[in-house]
Enquirer: 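Handing you this structure, nothing more for now.
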Amino acid sequence: MASTVAFTPAVAVGANVQHSRRTSSLRPVPRARPVAARGSAERDGAAAAVQARSGRTIEECEADAVAGKFPAAPPPTRPQPPSGTPEIRPLDMAKRPRRNRRSPALRAAFQETSITPANLVLPLFIHEGEEDTPIGAMPGCFRLGWRHGLLEEVYKSRDVGVNSFVLFPKVPDGLKTQTGDEAYNDNGLVPRTIRLLKDKYPDIVIYTDVALDPYSSDGHDGIVREDGVIMNDETVHQLCKQAVSQARAGADVVSPSDMMDGRVGAIRAALDAEGFNDVSIMSYTAKYASSFYGPFREALDSNPRFGDKKTYQMNPANYREALIETAADEAEGADILLVKPGLPYLDIIRLLRDNSALPIAAYQVSGEYSMIKAGGVLKMVDEEKVMMESLLCLRRAGADIILTYFARQAANVLCGANRP
Ligand code: PBG
């Protein structure tokens, strides 16, 4: 497995400390430059510039210093501005924030936020088929065959340090009912897949989705009454059975994404009653009724047959309401609080971060992914840079972990695998 942790700024600083300690020992030592330092330095051309200045090796410089020959101060030359530059008196400013940004090493030292593959969770679409079928609205994403393509994808992800996965099943129409009972079939696609994955890769973390929509003939997250009302408590009853079935199969974290009231407490009790005290709950605490889920619903063919999800998912106009959900989920025993979507809801991520000590997850949803992909394909933005920036910004807003379809691609970048 790649030692991906080396790419965090903290470790990069550690590598430099080691470097200067060696230098001051004044003993010529063969130096393999630390990979972590090479990462950003070479891309900025800084390493090359440092070498060129004296034209001598570090060993030669050290030998001179031992012999008492110290380098003179650099000459007081000033690089010339282009002709036509106005001659002015420097502004009288005590504070010049640009001083802390003037070199790659300073910028790396003062970087406040970092991201590593350990922060990423990869959502995976699975189906019963043998083939991997491309998802039209999500370039680069597939419905993976649970026995083949899925294992391959997990293998490649682990290789770059992504060890956490969340499973979303595409369920055949014939198995969908109004009460979504396939959701707790112990031999259904999800439990079977969990068992297979845990058998092959016991160290991965498997998150599951707890909601009825992939199993509901109505395409809703809960049971629909004949007047169109989504029935809360009856749905929670089904969700508890679903979560227990997933835990029985070996799930590490069950993740209710349905937004029914009281489901976290009920699921906690159901898990505990079956002896699954160690199975965590990641609650979709602030899940908004968002148009950014469009491509996902295409991927699973799970569009609501009628109406929308506004009676259970939150109004995108609301901020304070997220605090009500936070208080409820905390009191009911959630282990992780999730905000969804991600980038358009950075204020909500920060709100939860500041109001709870629990880990916060952000879900960079299908529509966010597809917009970045499309912008890249059309050459309107640099896909890789925008991807990395969007993930970093989710971390800056306060997310500990990020669910993102970019997880493997981003981890590749963090490992340097994409560099020539
Ligand atoms: C459904 C569920 C949805 C997503 C995750 N779980 C869709 C929805 O609420 O309609 C969306 C994820 C995405 O868009 O990437 N329980």
Side-chain angles (χ1 to χ4, degrees), residues 1-5 7 115-135 138-171 186-210 214 242-243 245-255 257 278-280 282 295-296 299-300 336 338 361-366 369 373 387 391 400-418:
M1 168 129 22
S3 63
T4 47
V5 189
F7 291 90
I115 181 162
T116 82
N119 303 124
L120 305 175
V121 181
L122 176 62
L124 294 168
F125 299 109
I126 52 175
H127 69 154
E128 296 280 3
E130 302 291 316
E131 305 286 317
D132 302 337
T133 17
I135 298 164
M138 300 177 70
C141 287
F142 297 80
R143 280 183 218 112
L144 301 166
W146 72 287
R147 281 194 294 205
H148 302 292
L150 172 70
L151 297 180
E152 174 85 12
E153 182 62 34
V154 169
Y155 177 87
K156 290 188 199 154
S157 303
R158 289 174 80 247
D159 208 36
V160 288
V162 174
N163 290 302
S164 300
F165 304 91
V166 54
L167 300 175
F168 292 105
K170 160 94 171 70
V171 175
D186 280 338
N187 248 330
L189 177 57
V190 168
R192 233 184 305 130
T193 303
I194 297 172
R195 294 201 298 267
L196 180 70
L197 281 177
K198 277 282 161 173
D199 187 45
K200 198 159 164 58
Y201 305 112
D203 56 335
I204 62 174
V205 181
I206 299 183
Y207 293 71
T208 56
D209 189 58
V210 180
Q242 182 181 18
S245 166
Q246 294 167 345
R248 204 178 283 130
D252 300 284
V253 186
V254 299
S255 325
S257 69
D278 283 339
V279 170
S280 312
M282 176 171 75
F296 175 97
L300 295 188
I336 307 165
L338 183 143
Y363 198 147
Q364 182 177 55
V365 299
S366 54
Y369 169 86
K373 279 279 172 191
M387 163 183 78
L391 296 172
D400 297 286
I401 59 170
I402 303 170
L403 284 70
T404 172
Y405 303 96
F406 282 123
R408 181 155 72 82
Q409 196 181 337
N412 259 312
V413 174
L414 293 169
C415 290
N418 285 4

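Numbering of residues begins at 1 and proceeds along the displayed sequence. Because the structure is a prediction, the values reported are computed rather than measured.
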Enquirer: Which distance, rounded to the nearest 0.5 Å, do you find between the CD of Q246 and the CG of D252?
Expert: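 So the CD of Q246 and the CG of D252 are separated by 11.5 Å.
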Enquirer: So, does Y369 use its side chain to make a donor-acceptor pair with the main chain of P139 at under 3.5 Å?
Expert: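 Yes, because the side chain of Y369 sits within donor-acceptor range (under 3.5 Å) of the backbone of P139.
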Enquirer: Report yes if the side chains of F165 and I206 come closer than 4.5 Å at any heavy-atom pair, otherwise no.
Expert: no
Enquirer: Parallel, tilted or perpendicular: which one describes the rings of Y405 and Y363, with boundaries at 30° and 60°?
Expert: tilted
Enquirer: State, to 0.1 Å, how close A243 and V254 come at their nearest heavy-atom pair, and which atoms those are.
Expert: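 Here A243 and V254 meet closest at O-CG1, 4.0 Å.
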Enquirer: What are the two closest heavy atoms between R147 and L196, and how far apart are they?
Expert: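 Looking at all heavy atoms of both residues, the shortest contact is CA-CD2, 4.1 Å.
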Enquirer: Can a donor-acceptor pair be found, under 3.5 Å and without considering hydrogens, that links the side chain of R143 to the backbone of I135?
Expert: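 Such a contact is absent between R143 side chain and I135 backbone.
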Enquirer: Any idea which heavy atoms bring I194 and A249 closest together, and the distance?
Expert: CG2-O, 3.4 Å
Enquirer: Evaluate side-chain contact (heavy atoms from CB on, under 4.5 Å) for V210 paired with T208, printing each intermediate quantity in order.
Expert: CA-CA 6 Å; V210 180; T208 56; 4.3 Å; yes
Enquirer: Hey, what do you get for CH2 (W146) to CD1 (I126), rounding to the nearest 0.5 Å?
Expert: 9.0 Å
Enquirer: Any side-chain heavy atom of R158 within less than 4.5 Å of one from D203?
Expert: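 Contact flag for R158/D203 side chains = yes.
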Enquirer: Rounded to the nearest 0.5 Å, what's the gap from OG on S257 to CZ on F168? Could you check?
Expert: 6.5 Å
Enquirer: Verify, without hydrogens or angle tests, whether R192 (side chain) and N187 (backbone) share a donor-acceptor contact under 3.5 angstrom.
Expert: yes
Enquirer: Rounded to the nearest 0.5 Å, what separates atom CG in L403 from atom CG in N119?
Expert: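 CG of N119 is found 12.0 Å from CG of L403.
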Enquirer: Could you give me the CA-CA distance, side-chain angles and deciding distance for Y207 and I336, then say whether side-chain contact (heavy atoms from CB on, under 4.5 Å) is met?
Expert: CA-CA 12 Å; Y207 293 71; I336 307 165; 4.3 Å; yes
Enquirer: Using 0.5 Å steps for rounding, measure from the OG atom of S164 to the CE atom of M282.
Expert: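 S164 atom OG to M282 atom CE measures 9.5 Å (nearest 0.5 Å).
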Enquirer: Report all side-chain donor-acceptor pairs from residues 148-156 shorter than 3.5 Å, counting only partners two or more places apart or in another chain.
Expert:
residue	atom	partner	partner atom	Å
H148	NE2	E130	OE1	3.0
E153	OE1	R408	NH2	3.2
E153	OE2	R408	NE	2.7

Enquirer: Counting N and O atoms only, with roles assigned by atom type, does the side chain of K170 sit under 3.5 Å from a partner on the main chain of E128, one being a donor and the other an acceptor?
Expert: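 Not at all, since once roles are kept as given, no pair shorter than 3.5 Å links the two residues.
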Enquirer: First locate atom CD of E131, then atom CZ of F142, and finally report the distance between them rounded to the nearest 0.5 Å.
Expert: 11.5 Å
Enquirer: List the atom of P169, the atom of P214, and the distance in Å for their closest heavy-atom pair.
Expert: O-CB, 3.7 Å
Enquirer: Considering all heavy atoms of both residues, which atom of D186 and which atom of S245 are nearest to each other, and what is their separation?
Expert: OD1-OG, 2.8 Å
Enquirer: Taking all non-hydrogen atoms of both residues into account, name the closest pair between L122 and A407 and its distance.
Expert: CB-CB, 3.7 Å
Enquirer: Passes side-chain contact (heavy atoms from CB on, under 4.5 Å), N163 versus V205? Steps please.
Expert: CA-CA 6 Å; N163 290 302; V205 181; 5.6 Å; no
Enquirer: So D209 and S255, side-chain hydrogen bond (donor to acceptor under 3.5 Å, both in side chains) or not? Walk me through it.
Expert: CA-CA 5 Å; D209 189 58; S255 325; over 6 Å; no
